[in-house]
Amino acid sequence: MPTSAESWPPLSPGERSVAIEVLVHGPLSRSEIARRLGLSPGSVTRLTKPLIESRLLVEVPETGEPAGARQGRPSQPLDVVTDSRYFLGFKITQDMVYGVVTTLRSEIVARHDRPLTTHDPAEVAELLAGMTGELSRGRPGVTGIGIGVGGLVEDRAVVGESPFLGWRGVPLAALVEERTALPVVVENDTAAFVEAETWFGAGRGLDRFVVLTIGAGIGYGLVLGGKRVPYAGDEDRGFGRHWILDPHGPLTPDGRRGSAVSLLTIPNIRYQVRAATGRDRSYEEILASAAAGEPMPARVVTEAGRALGTLVAQIANFVMPQKILLAGEGVGLMDVAGEVVAEAVRDNRHPRAAPVGLETRVSDFHDWARGAAVLAIQVLVLGAGQT
């Protein structure tokens, strides 16, 4: 079983700001750090010294400069030592656990998945501990664990409610810490995914950014001022169920009539086709049938595309984001109904409104696990979000 890795000492707010700036945007010279953060050169020197001594940051050659040349110049760029520590990220679904190992800059270097055959919290913790052992083998620098769960998470430690797992009040972080001797951070899976995209992905460097995910459910994340707006309660799950896109739309087992959940989620799209045809089909089969012109799948997929375009337009109208990232296992909808989506966006925007910066990405569950690892980096190493 892995043991707790030696960690860096706690960072002051100023040191944290410098470390995050270099981690996300580095390598950066001291003068560039000072410009970005509005600090004096003396302050930057004072703040970077302990970060270099702890080897969180290191001086690196300038681009094109041979390694070892003119070491220690004040203008020499600083960067993080990306492979000095490793982080584990897990994404728990109803029937699988997906695990990854990442570097300090969130590059995935290993993957390991296991079926989830029970939802008993203690047994799930045992499974996570076993996966931790597998992923940590040969990596003595494993520093911490991040876990992403669909549902409400309290204090980054307790799963307040997870309908997919049937959990209420499960102290998941404590259960896994007891079995691994590593610090653990638990978070809503969409929140973790948004953090990863904000720091290292599609939202890097943006002031206003939105993540919209479609799949088994609807996920939404908002970034303002370069920081994710935290959920105050259960808004993430309630978002899709209560955002009505077509009051005359379908009534499904999950979600109100014509809601984003009823129109866009994979289970409800499958339900609509099954109810109309009497035949159970996979999501991929439905998309293929719609593309081939089969009437009922085509109707359901077209309605979903119109709903997605309406939702994107409404988000753009209210938030005015620089970019909307559309991700999740359901984004294959765009391949079949992309033109319908684009038309609905135009229909629901002012004719002279700026184009919506919509980026579509097919993401698998390892991307969500990576998001959980990024939460571990933020909280366990950098103390992000702390005072």
Side-chain angles (χ1 to χ4, degrees), residues 7-65 70-85 87 102-107 143-144 146 156 185 187 191-192 194-211 221-230 319-323 325 371 373-387:
S7 188
W8 291 282
L11 305 181
S12 70
E15 292 166 352
R16 187 182 308 132
S17 296
V18 170
I20 291 172
E21 199 68 25
V22 175
L23 175 66
V24 176
H25 302 288
L28 297 173
S29 68
R30 289 171 175 82
S31 59
E32 178 63 12
I33 295 170
R35 187 190 68 79
R36 286 171 171 266
L37 297 179
L39 299 172
S40 68
S43 295
V44 171
T45 299
R46 174 177 56 81
L47 293 170
T48 56
K49 182 178 179 181
L51 299 175
I52 294 171
E53 290 174 347
S54 66
R55 289 197 55 77
L56 178 55
L57 300 185
V58 64
E59 292 174 326
V60 297
E62 291 184 298
T63 303
E65 180 180 317
R70 293 188 291 174
Q71 292 294 320
R73 292 180 296 113
S75 61
Q76 194 163 7
L78 296 173
D79 205 357
V80 295
V81 185
T82 58
D83 58 356
S84 59
R85 294 291 189 276
F87 301 84
T102 78
T103 66
L104 185 55
R105 201 164 257 147
S106 86
E107 298 101 338
T143 297
R156 289 179 168 166
V185 177
E187 185 55 277
V194 173
E195 292 284 5
E197 290 299 323
T198 301
W199 276 32
F200 300 110
R204 182 172 175 263
L206 298 182
D207 184 70
R208 301 181 313 283
F209 173 58
V210 165
V211 173
L222 172 63
V223 174
L224 295 177
K227 295 183 179 180
R228 181 179 65 86
V229 178
V319 180
M320 296 178 286
Q322 295 159 283
K323 181 186 290 185
L325 173 65
V374 169
L375 256 296
I377 294 169
Q378 291 179 332
V379 175
L380 301 177
V381 178
L382 300 173
Q386 301 175 7
T387 56

Does a side-chain heavy-atom distance below 4.5 Å link [X] with [Y]?
X      : Y      : answer
Lys49  : Thr45  : no
Arg85  : Leu104 : no
Leu78  : Val18  : no
Val374 : Phe87  : no
Pro50  : Glu15  : yes

Can you name the nearest heavy-atom pair linking [X] to [Y], along with the distance?
X      : Y      : answer
Leu47  : Ser12  : CD2-OG, 4.4 Å
Ser84  : Val81  : OG-O, 2.7 Å
Gly146 : Ala376 : N-CB, 3.8 Å
Val210 : Pro321 : CG2-CB, 4.1 Å
Gly221 : Val194 : CA-CG2, 3.7 Å
Pro27  : Val60  : CB-CG2, 4.0 Å

Short side-chain to backbone donor-acceptor contact, Glu197 and Gly203, under 3.5 Å: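 Not a single qualifying donor-acceptor pair exists.
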For the pair Arg208 (side chain) and Met320 (backbone), establish whether a donor and an acceptor sit closer than 3.5 Å, ignoring hydrogens and angles.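 Flag set: sc Arg208 to bb Met320 pair under 3.5 Å.
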Separation of [Y] [atom2] from [X] [atom1] (nearest 0.5 Å):
X      : Y      : atom1 : atom2 : answer
Glu21  : Arg16  : CD    : CZ    : 14.5 Å
Leu206 : Gln322 : CG    : CD    : 5.0 Å
Thr48  : Glu53  : OG1   : CD    : 9.5 Å
Ile377 : Leu23  : CD1   : CG    : 7.0 Å
Gln378 : Arg156 : CD    : CZ    : 7.0 Å
Leu37  : Leu28  : CG    : CG    : 9.0 Å

Looking at residues at least two apart in the chain, or sitting in another chain, which of them share a salt bridge (charged side-chain N to carboxylate O under 4.0 Å, His left out) with [X]?
X      : result
Glu107 : none
Asp79  : Arg105
Arg35  : Glu32

Ala19: side-chain contact (heavy atoms from CB on, under 4.5 Å) partners, not counting sequence neighbours: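 Checked Ala19 against side-chain contact (heavy atoms from CB on, under 4.5 Å); matches are Leu11, Leu51, Leu56, Leu382.
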Identify, with sequence neighbours excluded, every residue that meets side-chain contact (heavy atoms from CB on, under 4.5 Å) alongside Ser43.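 side-chain contact (heavy atoms from CB on, under 4.5 Å) list for Ser43, sorted by chain: Leu39, Ser40, Arg46.
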Below 4.0 angstrom, N of the basic side chain to O of the carboxylate: do Arg30 and Glu59 qualify?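 Yes, charged N to carboxylate O under 4.0 Å.
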Side chain to side chain contact (heavy atoms under 4.5 Å, CB included) evaluation trace for His25 with Arg36: CA-CA 10 Å; His25 302 288; Arg36 286 171 171 266; 3.6 Å; yes
Please name all residues satisfying side chain to side chain donor-acceptor pair (under 3.5 Å) with Ser106, sequence neighbours left out, ordered by chain then number.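 If we apply the side chain to side chain donor-acceptor pair (under 3.5 Å) test to Ser106, skipping adjacent residues, the hits are Arg370.
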